[in-house]
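Everything quoted here is computed from the prediction, not taken from an experiment. Along the sequence shown, residues are numbered consecutively beginning with 1.
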Amino acid sequence: MKNTFRSLAGRDFRLYFIGQCISLVGTWVQQVAFSWIAYRITGSAFMLGLIAFSGQFPTLVLSPFSGVLADRYSRRNVLVVIQIIQMAVAALLAVLAWQDDISPWVLIAASLVIGLTSAVEMPVRQAFTPDIVHDRAHMANAIALNSVTFNAARLVGPAAAGFILAAFSEAACFAINALSYLATIYTLLVIHPTRVEHDGGRKSIREGMMYVRQFAPARWLLITVIVASFCLSPYLTFMPVYAKDILKGGADTLGILMAASGFGALSAGLYLANRKSVIGLGDKMVAGCFAAGIASAAFAYNHLLWVALALLVISGCATIIIVTSSNILLQTLVPDNLRGRVMALYSMSFIGVLPVGSLVAGGIAHLVGVQPVFLASGVIFAVMGFSLKRKLPLLRREAHPVLREKGLLPK
């Protein structure tokens, strides 16, 4: 256990971690309330999709530009401003919900603002982690713990939201989220990040793209994340269909399915946090691709709830192994002066691809049904696993000199 949380020995990351735990639970509480009130006042699945798309699409468009911000300005200051904006949106939603004055267009506008600020926040936050982990030996652990935090909040937040919605109202959920931002803002203001030189000169997105194009390990890490995100989108889009029409359940079945996936993701985050080295993560990513592929193909035509739960645990675990390992390796390999722009490409590859994957999956499902979509995702995952396995020797030859220079490999 001590090894799992070793990066918390540092004061700055410990404070930041605590603030994130509080804020992310609030974020998931708001997300559940947001979907609930949207469906309650519209009764439209299309409006749910439109609201979700409004919150996701900005990441695909804006992430590369926000990477420039991360490398040009103080990352802490950028994060503080974003937290204040998002807190204001949550407070406004709380007031409007309390007055019963929320319209679908208010929800779309709020989702768009949250999406725009999140598109800026994600790459900056990714690049900020090395600034507050002052012992490089703890970097991989800190990145894995960030994943643990997110997935733990993914389990706790919806459960808390269900209780708050039943006992109080949507307004209470929004108010709780607004208050939770105070924890993040406070911790950002009291920590002492490593000073990074921001010369204010011209920094272009093109530099980050050139680095990825010329450095094969970074390029293949992003390709793998793109494939994982694309194959993940059917789970996010069609899980209600499986719960209701295939497994013949209700909202409780949907909740159990989502919890199973979250449990797998949390387990993967804890496993990665317990690792002491980045060595071997490439092999774990290959295994994750094969495991996710098999789980997706098996899930496609399954009609048994207990089998579905087991497959979702495997799928959630494998996907987080792939995505978080890619994050760890990128953060370890990328030069400090390019970190913001490269991590922006990572955010675009993961979060930004989700709405595109959802649109493609929706179109295919409209023609042939949802089950072949999951089968196709499984095949794509397996092909990615074979391709990455073949490339690993070459990628190691290029990555090892960088890791050796940083003291992460014996000379």
Side-chain angles (χ1 to χ4, degrees), residues 59-60 63-64 67 122-123 126 140 143-144 146-147 150-151 208-209 211-236 264-265 268-269 271-272 275 278-297 314-334 338-339 341-357 360-361 374 376-400 402-403:
T59 302
L60 181 62
S63 285
M122 288 178 199
Q126 297 281 357
I143 295 169
N146 283 336
S147 174
F150 178 84
N151 288 296
M209 292 181 173
Y211 169 80
V212 169
R213 190 175 73 176
Q214 294 171 1
F215 189 50
R219 183 170 67 252
W220 273 85
L221 286 170
L222 291 182
I223 290 171
T224 308
V225 170
I226 289 171
V227 170
S229 179
F230 191 83
C231 293
L232 177 64
S233 57
Y235 287 94
L236 303 179
Y271 164 73
L272 290 172
R275 287 179 56 89
V278 298
I279 306 304
L281 284 180
D283 292 321
K284 302 303 178 187
M285 290 176 63
V286 170
C289 287
F290 288 135
I294 293 170
S296 183
I314 294 171
S315 175
C317 180
T319 303
I320 292 301
I321 290 285
I322 297 166
V323 173
T324 305
S325 295
S326 298
N327 189 331
I328 292 170
L329 289 168
L330 273 177
Q331 292 271 28
T332 304
L333 293 168
V334 68
L338 289 173
R339 180 171 285 111
R341 281 161 286 180
V342 174
M343 296 316 296
L345 295 175
Y346 169 86
S347 295
M348 183 176 69
S349 300
F350 182 39
I351 305 298
V353 168
L354 285 175
V356 177
V360 173
F374 280 91
S377 293
V379 172
I380 294 171
F381 256 132
V383 170
M384 185 69 243
F386 281 115
S387 301
L388 185 59
K389 184 176 177 61
R390 288 184 57 198
K391 281 287 182 179
L392 271 184
L394 170 64
L395 300 180
R396 285 191 178 115
R397 284 198 296 271
E398 292 197 34
H400 279 194
V402 179
L403 297 175

Worksheet item: Got a second to check how far Ser315's OG is from Leu232's CG, nearest 0.5 Å?
Response: 7.0 Å
Worksheet item: Nearest 0.5 Å, what's the CZ-CZ distance between Arg219 and Arg213?
Response: 9.5 Å
Worksheet item: Within a strict 4.5 Å, meaning less than it, do heavy atoms of the Phe215 and Leu395 side chains meet?
Response: no
Discussion item. I want to check something: taking the side chain as every heavy atom from C-beta on, are Met348 and Leu222 in contact at a cut-off of under 4.5 Å?
Written reply: no
Practice prompt. Work out which heavy atom in Ser229 is nearest to a heavy atom in Val353; give both atom names and the distance.
Written response: OG-CB, 3.7 Å
Worksheet item: Distance-only, no hydrogens or angles: does the Ser233 side chain make a donor-acceptor pair with backbone N or O of Phe230 under 3.5 Å?
Response: yes
Item to complete: Apply side-chain contact (heavy atoms from CB on, under 4.5 Å) to Thr319 and Tyr235, showing your working.
Response: CA-CA 11 Å; Thr319 303; Tyr235 287 94; over 6 Å; no
Fill in: Minimum heavy-atom distance between Met285 and Ser325, given as atom pair plus value
CG-CB, 3.6 Å
Fill in: Within-4.5 Å side-chain heavy-atom neighbours: Ser387 and Trp220
yes
Practice prompt. Quick one: list whatever passes side chain to side chain contact (heavy atoms under 4.5 Å, CB included) with Cys317, sequence neighbours left out.
Written response: Ala268, Ile321
Discussion item. Does any part of the side chain of Lys284, heavy atoms only, come nearer than 4.5 Å to the side chain of Tyr271, both counted from C-beta?
Written reply: yes
Worksheet item: Closest heavy-atom contact between Thr224 and Cys289?
Response: CG2-SG, 4.2 Å
Response to the item:
salt bridge (Lys or Arg N to Asp or Glu O under 4.0 Å) filter on Arg396, not counting sequence neighbours, yields Asp283
Practice prompt. Working to the nearest 0.5 Å, report the span between CD1 of Ile294 and CD1 of Ile314.
Written response: 9.0 Å
Worksheet entry | Minimum heavy-atom distance between Ala382 and Phe290, given as atom pair plus value | O-CE2, 3.6 Å
Worksheet item: Yes or no on side-chain contact (heavy atoms from CB on, under 4.5 Å) for Ile223 and Met384, after CA distance, side-chain angles and deciding distance?
Response: CA-CA 9 Å; Ile223 290 171; Met384 185 69 243; 4.2 Å; yes
Discussion item. Treating Ser296 as the side-chain partner and Phe374 as the backbone partner, does any N or O pair qualify as donor plus acceptor under 3.5 Å?
Written reply: yes
Worksheet entry | Nearest non-hydrogen partners of Ile380 and Cys231, listed with the distance | CG2-SG, 3.6 Å
Worksheet item: Just wondering, do Leu272 and Arg275 contact through their side chains at under 4.5 Å, heavy atoms?
Response: yes
Practice prompt. Find the distance between CD1 (Ile143) and OG (Ser326) and round it off to the nearest 0.5 Å.
Written response: 11.0 Å
Discussion item. Taking the side chain as everything from C-beta on, heavy atoms only, tell me whether Phe381 gets closer than 4.5 Å to Ile322.
Written reply: yes
Discussion item. How long is the straight-line distance from CD of Gln331 back to CG of Asn146, given to the nearest 0.5 Å?
Written reply: 9.0 Å
Response to the item:
d(Ile226 CD1, Leu221 CG) to nearest 0.5 Å is 11.0 Å
